[in-house]
Amino acid sequence: MSAPSDTQRMEKIVSLCKRRGFIFQSSEIYGGLNGAWDYGPLGVELKRNLKNHWWHVTVHERDDVVGMDGSILTHPSVLRASGHVEGFSDPMIDCRTCKAHLRADQLVEKKGVKQCPNCGGKDLTAPRQFNLMFETHVGAATDESSIAYLRPETAQSIFVQFKNILEVSRKKLPFGIAQIGKAFRNEINPRNFTFRSREFEQMELEYFCRPEQGMELLEYWKEERLKFYENIGIPRSKLHVLTVPDEERAFYSKGTYDIDYDFPFGRQELEGVAYRTDYDLSQHQKASGKSLEYFDEEAKQRFVPHVVEPSAGVDRTVLALICEAYSEDQAPDEKGKMEMRVVLRFHPRMAPVKCGVFPLLKNNPQLVAKAKEIVGLLRPYMTVFYDESGAIGRRYRRQDEIGTPFGITVDFETLGEKDPALRDTVTLRDRDSMKQERVAIKDLPEIFRERLA
Ligand code: GAP
């Protein structure tokens, strides 16, 4: 069988996401809301595992980073000072033939003539700037004075709370403020499943430093972020670091890297790591009239700190995790005949369900009682799924398809019926190798503690 094309692979992934409850189209029963997605029971677990791991390694494991959770509704002055009101826009072009609204960079060029990628039409409007921010009104009035914005990035609330957090945390430079939360952009053309959405989540760290530390810390955070992706199961070989050229970089940035991943629809950005100099804090200091300076007691110096920002997308990373995990192989069915198996090879740390527990037969009260006892034993430490319906091979397949790394089967040996020495042991099956080992029930928590670490 030839390898499926990347388009086919993506279609299979999107279909699996819906079939098994990872990701649904938002407002689907009303025809869907373009650019918005709902995460189902498994998707929400995967997303939480990712966010928890990011928070753990970025905040909990470090002395030099604290967290915050800012509001989504944002004062217009914040976004005027940051430059978003004036400049956060994409050039938009309309196709007069099929009425599509297109980002200028989405046009296709044939024989030197720009065309609409949907209908091939050449009757296109001139580009005009389209601001990507969602505007809303706060309070009863809906006039100029009540305008607020849904934040287009989490970063700005970190900058405007810099002084408060510095005071309460009593950190010394270099130190960071981390945040995970929703951001909103009215993308002209949401596409590639969740990749470009209008509502999405970011995991952002603003790491403040002295000016002379900026370039070195840019390198440091690029490497840290690459390690992060490897530690959640995205191999280094599929990650690509792009040095953003001078002419494409924000004017205030002294260096920016994009970390790209090989998605089935092409190599695309997962995260940006940027040295933003003192631009943001200086802008807010100027606009608010409040000092955002740092006082270095040893050097007796007062200055506006510089910042290095690793900014990752939660939804894009979830999509990368699913794309990376998706695989098809061959496995024997109940009669030993080989059949195609769909398996999500998630890193155990990311897997939404860590362990399936199966009594061999559902109509044997002793097997069922033992299996439920194991569920009770493991549930305080991990997500466990109990399944008693269907042939055992089918139950394994169902868990393989959602990426459950371990399966425990309670059989007659567990009850000590064949060999008393095997009483209170179970088979522990590995999703990837499909190998089974016999282990004592009492050892399970320790085995999982090691394998899920
Ligand atoms: N504070 C810097 C900042 O927001 P960005 O490159 O515009 O930089 C950072 O966004 C990350 O947020 C991106 O690398 C991507 O992972 C995610 N992101 C941005 N726009 C997105 C969208 N429309 N849909 C999903 N994720 C998005």
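Because the structure is a prediction, the values reported are computed rather than measured. Whatever order the structure lists them in is the order used to number ligands and atoms, beginning at 1.
For Arg196, heavy-atom contacts with ligand 1 shorter than 4.0 Å involve the backbone as well as the side chain. Using a 4.0 Å cut-off between heavy atoms, Arg276 contacts ligand 1 through its side chain alone, with no backbone atom that close. Within the 4.0 Å heavy-atom criterion, neither part of Arg198 lies near ligand 1.
Ranked by closest heavy atom to atom 13 (C) of ligand 1, the top entry among Glu269, Gln156, Glu309 is Glu269.
Close approach to Leu270 involves these atoms of ligand 1, each under 4.0 Å from a residue heavy atom: 14 (O), 15 (C), 16 (O). Per-residue contacts place Gly313 under 4.0 angstrom from the following atoms of ligand 1 (heavy atoms of the residue considered): 16 (O), 17 (C). Near Glu204, with a cut-off below 4.0 Å to any heavy atom, the atoms of ligand 1 are 1 (N), 2 (C), 3 (C), 4 (O). Atoms of ligand 1 found under 4.0 Å from any heavy atom of Ser197 (numbered from 1 in listed order, with element): 22 (C), 23 (N), 24 (N), 25 (C). When each atom of ligand 1 is checked for a heavy atom of Glu271 under 4.0 Å away, the hits are 14 (O).
In terms of polar-atom proximity, defined here as any N/O pair under 3.5 Å, Thr194 makes no such contact with ligand 1. Annotation: Glu206 places no N or O atom under 3.5 Å from an N or O atom of ligand 1; distance criterion only. The shortest N/O to N/O separation between Phe195 and ligand 1 falls below 3.5 Å.
Between His60 and His56, the angle of the ring planes goes over 60°, which puts this pair in the perpendicular group of the 30/60° scheme. Ring geometry for Phe195 against Phe263 counts as perpendicular: the plane angle is over 60°, on a 0 to 90° scale with 30° as the lower cut. Ring geometry for His306 against Tyr275 counts as tilted: the plane angle lies between 30° and 60°, on a 0 to 90° scale.
If you check which protein heavy atom lies closest to atom 8 (O) of ligand 1, you get Ser311 OG, 3.9 Å. From the protein, the heavy atom lying nearest to atom 7 (O) of ligand 1 is Arg185 NH1, 2.8 Å. Shortest contact from atom 18 (N) of ligand 1 to any protein heavy atom: Phe200 CE1, 3.5 Å. Closest to atom 12 (O) of ligand 1, if we only count protein heavy atoms, is Gln202 NE2, 3.2 Å. Of all protein heavy atoms, the one lying nearest to atom 15 (C) of ligand 1 is Arg316 NH1, 3.4 Å.
A donor atom on one side chain and an acceptor atom on the other are not found under 3.5 Å apart for Gln156 and His84. In the model, Tyr252 has no side-chain atom that pairs as donor or acceptor with a side-chain atom of Asp278 under 3.5 Å.
Nearest heavy atoms, Ile165 versus Met68: CD1-SD, 3.7 Å. In this structure, Ile402 and Leu42 approach most closely via the heavy-atom pair CG2-CD1, 3.3 Å.
A salt bridge links Lys51 with Glu201: the distance from a Lys NZ or Arg NE/NH1/NH2 to an Asp or Glu carboxylate oxygen falls below 4.0 Å. Glu328 has no carboxylate O lying under 4.0 Å from a charged side-chain N of Arg341, or vice versa, which leaves the two without a salt bridge. Using a cut-off of 4.0 Å between Lys/Arg side-chain N and Asp/Glu carboxylate O, Asp296 and Arg302 are scored as not salt-bridged.
Here the OG1 atom belonging to Thr383 is positioned 6.5 Å from the CG atom belonging to Asn49, to the nearest 0.5 angstrom.
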